[in-house]
J.: 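One structure coming up, written as structure tokens, with questions to follow.
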Amino acid sequence: MEFTTVLFYVFSAILILAAIRVITTSNPVHAALFLVLSFCSAAALWMLLKAEFLSIVLILVYVGAVMVLFLFVVMMVDIKLSKLREGFWGYLPLAATIGVVIVLEMAAVLFRGFWRAHTQVPEVSANIGTVSYTHLRAHETRGNL
């Protein structure tokens, strides 16, 4: 197993655990901080997929701006948590059913990818996702921009 595959599984596990803690924690500030952790883990996954621009945008826009505003609002507004949790158990069967369907769909997608034989990656796709000046200059000289 390659090191990038190990990193993918580590960041994916962190992302899943942080996302679960976002919806299960009782403190809204802790939920926001777990959401920041999940955004950072997702950004790391984007980096592993060689989508540097999307990774940086995720960090700058969501963590840097949106989450700061969200934390500001959560800390300034007094939220009554007991009133928000009144109907939780009534919606649990529907939520569990939808969660099981989502897990089964994701498992089908992942297992289909594992059952396929390894395919040859074209050489053209080696440069996809990199944001560098040399790639932009090469496209400008060919007239692709």
J.: Give the minimum heavy-atom separation between Val63 and Phe39, together with the two atoms involved.
T.: CG2-CB, 3.5 Å

J.: Specify the closest pair of heavy atoms between Ser38 and Ala19, including all atoms of both residues, with the distance to one decimal.
T.: CB-N, 4.4 Å

J.: Linking I/L/V/M/F/W/Y whenever any side-chain heavy atoms sit under 4.5 Å apart, do Ile20 and Val36 land together?
T.: no

J.: Between Ile14 and Ser41, what is the shortest heavy-atom contact and its length?
T.: CG2-OG, 3.1 Å

J.: Locate the shortest heavy-atom distance separating Ala32 from Met67; write the atom from each residue and the value.
T.: O-CE, 3.3 Å

J.: Has the side chain of Thr25 got a donor or acceptor atom that lies under 3.5 Å from a matching backbone atom of Arg21?
T.: no

J.: Can you check side chain to side chain contact (heavy atoms under 4.5 Å, CB included) on Val22 and His30, steps first, answer last?
T.: CA-CA 8 Å; Val22 167; His30 292 166; over 6 Å; no

J.: Evaluate Trp89 against Leu92 for side chain to side chain contact (heavy atoms under 4.5 Å, CB included), listing each step before the verdict.
T.: CA-CA 5 Å; Trp89 294 108; Leu92 186 62; 3.3 Å; yes

J.: Between Ser55 (side chain) and Ala51 (backbone), is there a donor-acceptor pair under 3.5 Å?
T.: no

J.: Please name the pair of heavy atoms, one in Leu48 and one in Phe11, separated by the smallest distance, quoted to 0.1 Å.
T.: CD1-CD1, 4.0 Å

J.: Report the distance from atom CZ of Phe8 to atom CG of Leu49, rounding to the nearest 0.5 Å.
T.: 7.0 Å

J.: State, to 0.1 Å, how close Leu45 and Leu15 come at their nearest heavy-atom pair, and which atoms those are.
T.: CD1-CD2, 3.9 Å

